Amino acid sequence: MKILFFGTPKFSEIILGGLIERGFNVVGVVCQNDKPSGRGNKLVSPHMVEFAKGLNLPVYQFEKLSLYIEEFKKIDYTIAVTASYGKFLPKKLLDLHPCVNVHPSMLPVYRGSTPIQSALLNGDKVTGVSIMQTGVGMDDGDVFVQKEVEILPEDDYISLSPKLAEVGLDLLCETLEKIKNGTETKTAQDESKATFVKLIQKEDALLDFSCSAESQVNKVRAYVEDPVAFFLLGDDRIKVYKAVVATDVVGEAGKVIANKKRFLIGTSDGIFEILKCQVQGGKVLDAKSFLNGYRFKTMEIKL
RNA sequence: CGCGAGGUAGAGCAGCUCGGAAGCUCGCCGGGCUCAUAACCCGGAGGUCACAGGUUCAAAUCCUGUCCUCGCAA
């Protein structure tokens, strides 16, 4: 079985790396195009490009897949595996060979592009991974297998994502073996229970202290990799990388309480404690270091 | 040449406008006080002020170039 792998972010890398490690025959990697990015708007390749090259795999980057069907016909593969590729695969491409997808949620819940973030944002205690048939719709194909994964209170996107990838990898390998042997089974999703999650916008990451502290901590956990939860303190934009709900203090919504040791912000329900943050121009710092040098110009946050 | 901020003790910052003996908060080491402490008091170590040139009697501070870090936008 010759696998053509579709995937772009870190999540995909873990799965790709795992497939190789376990001896699966991956013949190539398709990932998204290079994009102008960062200061100077220089063209930057997805990290996957280097990763795949490091594994001596050919890398394909097509601007619009549907325009390159002929190219795909030239690639010698028998099955496609997708994992957070980032775009829909056109029907013409799916018709060439079977295609399975790794989706980090318990489908039909959290269909769409941000299932991991959504589970964290909603404060879920459990999420999971599904291996499914890749279809033309949004994550609505038949499911081969799925497995739950516990979300720990201290988990955030950065810690949870690899856990889901590892579980996804196991399930994927299992499924591929079955497909190879012709013993795979699949069941249709219950459409009535389907939920969708949307793309994340920058503004979604703006912390709102008129909400509960817990909900804003969840926002930090969900968006810690990108775009990173933030709030505005006077003219300063402060990104929050790690926060918890403080239970030993009281305070008023939108009011900052800060001393040499702790950086607290009142919310409508509970106290939001910042453990790791960054002001524009500065490095990411633990609260103590941040407080050592930061000069507060205001202690109020506009709600 | 997309816009912008910054590189000063182990950490985080001030000082730079108006050149003239390197400072603050924390950490660290030593001592003291306390039943005790993330408390308080006393003392101490630790910096070629990113790098390279230039101006000057004198440069962290002014000028030029280089390297590095970071925020925004896309």
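Keep in mind it's a predicted model, so treat the numbers as computed, not measured.
- Within the 4.0 angstrom heavy-atom criterion, no nucleotide atom of any strand lies near Lys35(A).
- The listed nucleotides are rC26(B), rG71(B), rC13(B); the one nearest the side chain of Arg295(A) is rC13(B).
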- Task: Spell out protein contact along nucleotides 42-47 of chain B as letters: B when the base is contacted, S when just the sugar-phosphate is, - when no protein heavy atom is under 4.0 Å; keep the 5' to 3' order.
- Result: ------
- Stepwise salt bridge (Lys or Arg N to Asp or Glu O under 4.0 Å) check, Lys163(A) with Glu166(A): CA-CA 5 Å; Lys163(A) 288 185 198 172; Glu166(A) 290 295 343; over 6 Å; no
Tabulate atom names and distances for all N/O pairs under 3.5 angstrom spanning the protein and nucleotides 3-6 of chain B.
none

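- Of the candidate nucleotides rG71(B), rA38(B), rA74(B), rA38(B) has the atom lying nearest to any side-chain atom of Lys261(A).
- With rC26(B), rC72(B), rU69(B) as the choices, the nucleotide that has an atom nearest any side-chain atom of Lys283(A) turns out to be rU69(B).
- Remark: Phe290(A) engages Phe263(A), Tyr294(A) in a ring pair (Phe, Tyr, Trp, His ring centres under 6.0 Å) (not counting sequence neighbours).
- Only the C1' atoms considered, rG12(B) is 27 Å distant from rC3(B), to the nearest whole Å.
- Atom name C1', nucleotides rC40(B) and rC33(B): the rounded distance is 8 Å, in whole Å.
- Electrostatic pairing of Lys255(A) and Glu300(A) counts as a salt bridge here, judged by a charged N lying under 4.0 Å from a carboxylate O.
- You'll find that the side chain of Asn292(A) is closest to rA11(B), out of rC72(B), rG27(B), rA11(B).
- A close approach under 4.0 Å does not occur between any side-chain nitrogen or oxygen of Lys288(A) and OP1 or OP2 of rA11(B).
- Here rC13(B) presents its P atom at 12 Å from NZ of Lys297(A), a figure rounded to the nearest Å.
- For the P atoms, the distance from rC62(B) to rG15(B) is 12 Å, rounded to whole Å.
- Distance, Gln201(A) CD to rA73(B) P: 12 Å, rounded to whole Å.
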